[in-house]
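Here is how names work: the chains are called A, B, and so on, in the same order as the sequence lines, proteins then strands, and each is numbered from 1.
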Amino acid sequence: MSIKIYNTLTKKKEALETLQPGKVSMYVCGPTVYAEAHVGHAMSALVFDIVRRYLEYRDYEVRHVTNYTDVDDKIIQRAAVEGVDPIQIAQRYIDEFDRHLKDLNILTASEYPRATEEINSIVEAVADLVEKGYAYPLNGDVYYRVNKFPGYGKLSGRKIEDMEAGFRIEVDERKEHPLDFALWKSAKPNEPSWPSPWGNGRPGWHIECSVMCQSHLGDQIDIHGGGNDLIFPHHENEIAQSEALHGKKFATYWMHNGMMQLSGAKMSKSVGNLVTVDNFLEKYEPGVLRMMILNSSYRSPLTFNEETIGHAEKALKRLRSALRPALPKDGWEKGDLQKKTDQVIKLFLKSMDDDFNSAGAMGHLFDFVKEINLARDKGADPEYLLAAQDVLKELTGVLGLELELPEAQAGDAGQYIDLLIEIREKLRENELWELSDIIRDKLEERDVILEDTSQGTTWRWK
RNA sequence: GGCGACGUAGCCAAGUGGUAAGGCAGAGGUCUGCAAAACCUUUAUCAUGGGUUCGAAUCCCAUCGUCGCCUCCA
């Protein structure tokens, strides 16, 4: 059985065949760091975290590189407004983004290159493109000659002629072709700039990624990822640059995540319909955002609203219901949970192998939750139950979900809660309901939920 | 206007030729002192109209609608 990946380049699901057996090189476009990150940015990071975790679970050695674009018009603008150095702006939001990645339980990438640290390689690449005839200098700028690259448009499915027809923005008359894009931009006063053969300037956005990808992963990579808003022009241009430079196919698989939707449109800074990662995490635990993504297809748009968030919270709770300890009783039972356990692993793999179909995989996990709960209700042996629960934790862990709450892992409150339960038992035996309800209510205020069953009382964290 | 994706129950959503997973919400029930949780039962013919096929949510065509890209963008 092999993993299938939907490839934007071919518009088909294809079996994963890596350049080197057992190894995957993956480059994912990171954010431009000029403002607070919103949950849409987080979505992209989460999607590719899930991809990476799953590939690793399937025994691939994954080299995962994500860049930070730390020099660009908006960063410069922001710096001007605040009256600080653009580098400071970039650093501030990079630090913040790093923190979000940790908070969201996203595995650390192999490397996080930054454009400003790769200027030399970028200048070399641009010079190389000029030399090869794929680019031309123009008054201190350098432009990519789109017509020179025969495959231009192959990723986005566009034809150069079609795009000319519908061209809406004002065209820079100096350029040879309206679609020619900047590889190098000449410096304006008070802008960060670096020396180059064409004068002081800074790199264009697209060439950064081509160069960083090349310098950290090589001329050819297995997977290139990013949001589907980057397909054109960013990724199209990356292909044009990289393939012109190296004369080989750039990335084998192009993966794109769908856009986070808020109020019926793509969440974005420019529209202003956004929820920042910090805003989100003030109100919800990190697993909720991950669950929203897991419960749908990574390629589809994801609606962000109170209702869909609520669904994800409930879903998380439901998974956790299967982790409750065995009922306190004598005379344990066995069942066919072992068989179900083997089954769920197979079904989980089958779904995830199919282009990371996490929603399908979640369906199987929920089925498994029901089986575990059923076994528990029937009075399953604690060890027996634990074995199944471990599998559930393992599989959800592959998706990056942490079912066990930190308090539950750390606290030594358990012995005191047990003590309260014991006292409450006495009260209940004497039908002192009011007093026993006070204990239950007060514990719930402290996030401890008591559950009375015919076999006795158990507790769990809320 | 061009390119692409999508349209499955009240909501979210899986399923790409063989007769509709799962979650939330709703209804009824079991358990409970009450509750919560869990468990059991129950809720759709797959945007619309044609076509291909023994058979289609699944393939083809058309229509309507939503979203993305064509300008910075995860």
**Donor/acceptor link under 3.5 angstrom from A/Arg440 side chain onto base of B/C34** = yes
**Given RNA chain B, 5'-ward residue of the pair A/Leu302 and A/Gly227, judged by closest heavy atom** = A/Leu302
**Asked** Counting side-chain heavy atoms from C-beta on, which of B/A25, B/C72, B/G15 comes nearest to A/Lys74?
**Response** B/C72
**Item:** Euclidean distance for P, B/U48 against B/C64 (whole angstrom)
**Value:** 16 Å
**Asked** Is a donor-acceptor contact shorter than 3.5 angstrom present between the side chain of A/Asp377 and the base of B/C31?
**Response** no
**Request:** Could you give the distance separating B/C72 and B/G68 at their C1' atoms, to the nearest angstrom?
**Result:** 15 Å
**Fill in**
Side-chain contact check for A/His311: nearest option of B/C34, B/G2, B/C24 is B/C24
**Asked** Does the pair A/Lys393/A/Asp390 count as a salt bridge with the N-to-O cut at 4.0 Å?
**Response** yes
**Prompt:** Of all the nucleotides listed (B/C39, B/A74, B/C34), which has the minimum atom distance to the side chain of A/Asp452?
**Reply:** B/C34
**Prompt:** Quick one: does A/Asn257's side chain have a donor or acceptor within less than 3.5 Å of a partner on A/Tyr298's backbone?
**Reply:** no
**Fill in**
Comparing A/Arg376 with A/Ser297, nearest RNA chain B nucleotide closer to 5' gives the residue A/Ser297
**Item:** Sugar-phosphate, base or nothing in reach of A/Thr8, heavy atoms under 4.0 Å
**Value:** nothing
**Asked** Touch check for A/Ala265, heavy atoms < 4.0 angstrom, all strands: base, sugar-phosphate only, or nothing?
**Response** sugar-phosphate
**Request:** Choose from B/G68, B/A35, B/C39 the nucleotide whose nearest atom is closest to any side-chain atom of A/Asn373.
**Result:** B/C39
**Item:** Closest to side chain of A/Arg428, choosing from B/C39, B/G33, B/A74
**Value:** B/G33
**Fill in**
From the candidates B/G22, B/A36, B/C69, the one with an atom nearest any side-chain atom of A/Glu451 is B/A36
**Prompt:** Closest to the A/Pro233 side chain: B/C70, B/A74, B/A38?
**Reply:** B/C70
**Asked** Taking the P atom of each, how far is B/A5 from B/A38, in whole Å?
**Response** 40 Å
**Prompt:** Are more than 12 heavy atoms from other residues, nucleotides or ligands located less than 6.0 Å from atom CD of A/Glu445?
**Reply:** yes
**Asked** Within the pair A/Thr453 and B/A37, is there a side-chain N or O less than 4.0 Å away from OP1 or OP2?
**Response** no
**Prompt:** With sugar-phosphate meaning primed atoms plus P, OP1 and OP2, does A/His38 contact a base, only sugar-phosphate, or nothing at under 4.0 Å between heavy atoms?
**Reply:** base
**Request:** Give a yes/no answer on whether the side chain of A/Asn295 brings an N or O atom under 4.0 Å of OP1 or OP2 in B/G22.
**Result:** no
**Item:** base_contact_polar (B/C24 base, A/Arg318 side chain, donor-acceptor, <3.5 Å)
**Value:** no
**Complete:** Per atom distances to the A/Ala315 side chain, the nearest of B/G23, B/A38, B/G2 is B/G23
**Asked** Can you tell me if the side-chain N/O atoms of A/Lys159 get under 4.0 Å from OP1 or OP2 in B/G2?
**Response** no
**Asked** Does A/Glu208 reach the main-chain N or O of A/Ala115 with its side chain, forming a donor-acceptor pair under 3.5 Å?
**Response** no
**Request:** Would you check if the side chain of A/Tyr253 reaches a backbone N or O of A/Ala15 as a donor-acceptor pair within less than 3.5 Å?
**Result:** yes
**Item:** Side-chain-base donor-acceptor pair under 3.5 Å for A/Asp354 and B/G15
**Value:** no
**ring centroid sep under 5.5 Å plus plane angle under 30, A/Trp433 with B/G33** = yes
**Message:** So, does A/Lys370 get its side chain near the phosphate of B/C40, meaning an N or O under 4.0 Å from OP1 or OP2?
**Reply:** yes
**Message:** Give me the distance, rounded to whole Å, that separates B/U42 from B/C61 when you measure between the C1' atoms they each carry.
**Reply:** 40 Å
**Message:** Categorize A/Gly226 for me: base, sugar-phosphate, or nothing, with a 4.0 angstrom heavy-atom threshold over every strand shown.
**Reply:** sugar-phosphate
**Prompt:** What integer number of Å spans the P atoms of B/G22 and B/U41?
**Reply:** 11 Å
**Asked** Run the salt bridge (charged side-chain N to carboxylate O under 4.0 Å, His left out) check on A/Arg63 and A/Glu111 step by step: do they pass?
**Response** CA-CA 9 Å; A/Arg63 245 184 95 66; A/Glu111 299 194 51; 2.8 Å; yes
**Message:** I want to check one thing: is the phosphate of B/A5, taken as OP1 and OP2, less than 4.0 Å away from some side-chain N or O of A/Lys11?
**Reply:** no
**Complete:** Against the side chain of A/Ala359, the closest entry in B/A37, B/A13, B/G68 is B/A13
**Prompt:** Is the shortest heavy-atom distance from the side chain of A/Phe280 to the side chain of A/Ile309 under 4.5 Å?
**Reply:** yes
**Item:** Residue A/Asn357, side-chain atoms from C-beta onward, closest of B/G22, B/A14, B/C24
**Value:** B/A14
